[in-house]
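Heavy-atom basis, side chains included; hydrogens, waters and symmetry copies ignored. Every chain is numbered from 1 and lettered A, B, ... according to where its sequence line falls, protein lines coming before strand lines.
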Amino acid sequence: MKRIFLFFILSLPIVLLTCSPPPFNLSISEAAKTAKQLSYVGQIGPISSMSGNQGNEDVVFIPEKDGAGGITLQAGFLYSQDPLNGNQASFVAYDAGQGKYIYEGGSQWLGPLSTDAYANVLVQSVKSLHNVIAFQIDDVTPASNRFGLMIGDTIGHTFTPPAWIGLTAQTTGNFPPGPYSAIGISIIPTNNPGFDRAYMLLADTGNGMYREARYHVSQAAPGLTNPSSIFRTTELDLVGYGVIPAGIQRVLYYYDSASTNAFAMWNTGSHWTCVKWTESPPTVPLWQPMPGINHRIDALLTTGELFSTEDNTARVYDPTTSTGSLEAEFVLGDLRFIGEVYIGGVPTMLFSQALWFNQQVTFNVYSLPTSKVKTLGQ
Amino acid sequence: MVSRSLQMTLHSSVNGLAISEAIDSARKGSPPDLSLLARNAGADFWLWAQVSINAGKAQVRARGFDVLAHEAKFDTTVSRDNELSPMDLPFEKWDDIVSLVTSLLPPGSNEGPDLTVPQEVTLTVRALPGTLIAGPGEKKTMAGRDGFAQLRLPSTGEYSLRATLAGYYPETSRFFLTGSKEVVLDQQKASWWAIDASLLELAYPSFDVTRFIIPNSFYVKLGITTYVLGLAFTDTQVFTNNPLTNLVLQTGIYLRPEDVLFRPYVNLGAFLRIVHEPGVLVGIDPVSAGGLQLSIGTEIGRSPRGRFFFEYQPMLYTTSVPESFQASFGSGDPPVGWSFSSRSAFNFLCFRAGYRWAL
């Protein structure tokens, strides 16, 4: 018995020294399940953490949009949401001389993390240089909402800070014009190699009415072209008609140019409310609530469907039904939806996955033709 | 067994000494009882000896009594410096006791038999037909169809036999021969089934069921290792909880017989990783479906019915997404004992400890 006891006592330190965490992470396995149905675009990294707070930040790789109607992984932008360091953007590019991805310039701080249910920052690659645009939307007051273009340079190894321009009537620069403040912004891809579109819901700070505006997002400074179209006949009294509540400071806003339907979504505590409207007759909103759409919407897809990634679960909604209906649902795990782009003329959804190991991060980028997104949940 | 080796040594050294089988009377050690016992046996002298352990020292008390004269001849105690181990008692020579007793006995009564002439004895063993019986030295015999086997042994003394038969546990018997004797072996059927309860890496519970193809030797084993509840050896965590269970199928073989203290064995098998998070992911883990595992272990103990075991168990994981597999460990330093390649990951420092019951 003494020998048995001695044997176990001597074995114990060996076992303790070699104990390792279980080789399993549910979120990664969930992502792997979905990724098997996606197209693998490529891998970036491994590269070191941008914030030094590795593993604790939620970080995505946003590929550059090239000038030929596609994307490239040779360079792109890291957008990080870090509990310690807030929102940050960095520019990375593949350095053939070093045979690895390197940071070009420093990280740009884009403000603190959101304290409410809305994201504070919207970051998108701009066609077709090393440029990226960021919309900073304040949690509390639209008066401080702004956007800025950041420019990467792989020769000078720089990444310029955003040249912020206000999105309120109180600032100069005419974004938006007159008495308006933007309270909802979205970016919709186009098949044009030179620009995408940004749509905004504008609140008239004078009379409480609303307008909708469309901009070009392009490489030319400051990144937004002045309103290419203020659409609808005139301002809409969305509050007066009961479409949205009075005094709302922030919405998620999307506009479908094909159907001319606009969508707004706002959060009241743990609950999201969605409505859609169009103009019929002129100046009168024809609207309906969409109670079937009850998760945060992150994109209006080119198919006309609404796409949610709330709680790391992908949900595809059909907004053409009377209340909005869920068409498909699948787990994302640690996959992050980073936008819809045209690749070779085909609307394509992009996903980024950050994989941390040994103090470094590797990104996998996946794609999916938008028309197939519903099949993932079936 | 304690007293028998002393009895037999005295028996061979003191002429005319008969061994009493009246255990109760001898144990009480009452002179009248012992004298009555001696008289009934036709003896005129009794010798009583008792071994006891006191404060870690062995003490032997010896008393001699002349029955005819109703007179105690001696009553003395010999102390040993060390404790007599039960394992050593059958082999104890008792020279000091024998010298003491023979010196105290009346003249003419201490002439022992002529020990220079060995007295050959025959040991008859009753065992299951086909049982191989190994005796001292190279002596071996096999029980015939009638279930009998005989061994001729050179003299009286302490002997042990080991009997083996396929499908039965090995049986080792140890006894003291004072003359020819018949021994009946109690052979136990070997188990066809066994169950294990263990901890992988001292953290994750495992349960296995073993089915023997060849009893005591070759087997297949089906088991699970679950990560649903595990121990975490970190500064910030006590328990871990992951919806993952490995389903393990192995085959193995024992490398030594059942009746050894350390009984090594080797297993080789495959494992399947099952994720069970209802509503999210249920099925084979898409990051790593499973892999191969080797177990080199030893059972520890002598009981055929239950033993501790300790295994070195390297595990090879297959994966088509190696970065995802690596990232499963988190963002820190690589785990100790792992190596990674483009298609697999190898945990080469993995251990398991547990207990195995034969059913």
Side-chain angles (χ1 to χ4, degrees), chain A residues 1 3-8 10-37 40 43-46 48-49 53-57 59 311-313 329-335 353-364, chain B residues 199-204 225 227 230-234 237 240 242-244 261-262 273 275 277 279-281 283-288 298 300-301 307-308 310 312 315 317 319-338 340 345 347-353:
Chain A
M1 202 64 192
R3 278 192 285 179
I4 296 173
F5 183 70
L6 191 64
F7 179 84
F8 277 105
L10 292 176
S11 304
L12 195 61
I14 300 171
V15 176
L16 287 175
L17 281 174
T18 57
C19 281
S20 59
F24 178 75
N25 180 301
L26 180 61
S27 186
I28 292 175
S29 289
E30 290 170 4
K33 177 190 174 189
T34 298
K36 285 186 174 181
Q37 302 175 76
Y40 180 66
Q43 190 171 88
I44 297 92
S48 59
S49 163
N53 190 24
Q54 54 264 56
N56 295 316
E57 58 188 300
V59 58
D311 300 328
N312 297 332
T313 298
E329 181 177 302
F330 53 93
V331 294
L332 288 172
D334 62 353
L335 285 173
Q353 182 185 29
L355 296 169
W356 291 91
F357 183 66
N358 196 16
Q359 324 288 347
Q360 292 188 306
V361 61
T362 298
F363 294 95
N364 286 335
Chain B
L199 287 175
L200 179 67
E201 300 197 88
L202 283 188
Y204 310 110
T225 296
Y227 298 86
L231 297 173
F233 298 97
T234 69
Q237 232 181 334
T240 61
N242 292 282
L244 175 73
L261 182 60
F262 291 92
R273 287 158 53 96
V275 183
E277 182 73 3
V280 177
L281 183 58
I284 297 171
D285 183 15
V287 171
S288 172
T298 180
I300 306 153
R307 296 171 169 214
F308 290 102
F310 187 82
Y312 167 59
M315 299 173 75
Y317 293 76
T319 179
S320 59
V321 282
E323 291 83 9
S324 293
F325 190 88
Q326 290 176 351
S328 298
F329 291 102
S331 60
D333 294 331
V336 174
W338 287 79
F340 301 94
N347 183 1
F348 58 86
L349 280 180
C350 185
F351 297 91
R352 180 193 303 275

Exercise for the section: Under 4.5 Å, counting heavy-atom pairs only, tell me which of B/Val287, B/Leu200, B/Val275 racks up the most with chain A. Expected result: B/Val287
Completion exercise
Answer key: most heavy-atom pairs under 4.5 Å with chain A among B/Gln326, B/Arg273, B/Glu323, B/Glu277 is B/Gln326
Fill in the blank from the handout: When the 4.5 angstrom heavy-atom criterion is applied to A/Lys36 and chain B, the contacting part is side chain
Handout entry: Engaged part of A/Ser29 at the chain B interface, taking heavy atoms whose separation is under 4.5 Å
Key = both
Problem - Sidechain-backbone polar pair: A/Thr362 side chain, A/Gly45 backbone, donor-acceptor under 3.5 Å - result: no
Exercise for the section: Would you check if the side chain of A/Asp311 reaches a backbone N or O of A/Thr313 as a donor-acceptor pair within less than 3.5 Å? Expected result: no
Exercise for the section: Check whether B/Tyr204 gets within reach of chain A through its side chain, its backbone, both or neither, counting any heavy atom under 4.5 Å. Expected result: side chain
Handout entry: Contact origin within B/Asp285 toward chain A - heavy atom pairs under 4.5 Å
Key = side chain
Practice task
Mind listing the closest non-hydrogen atom pair of A/Lys33 and B/Leu281 along with its distance?
Solution key: CD-CD1, 3.2 Å
Practice task
Look at the aromatic rings of B/Phe340 and A/Phe357 and report parallel, tilted or perpendicular, splitting at 30° and 60°.
Solution key: perpendicular
Exercise for the section: Could you check B/Trp338 against B/Tyr317 for ring pair (Phe, Tyr, Trp, His ring centres under 6.0 Å), going step by step and ending with a plain yes or no? Expected result: CA-CA 11 Å; B/Trp338 287 79; B/Tyr317 293 76; 5.2 Å; yes
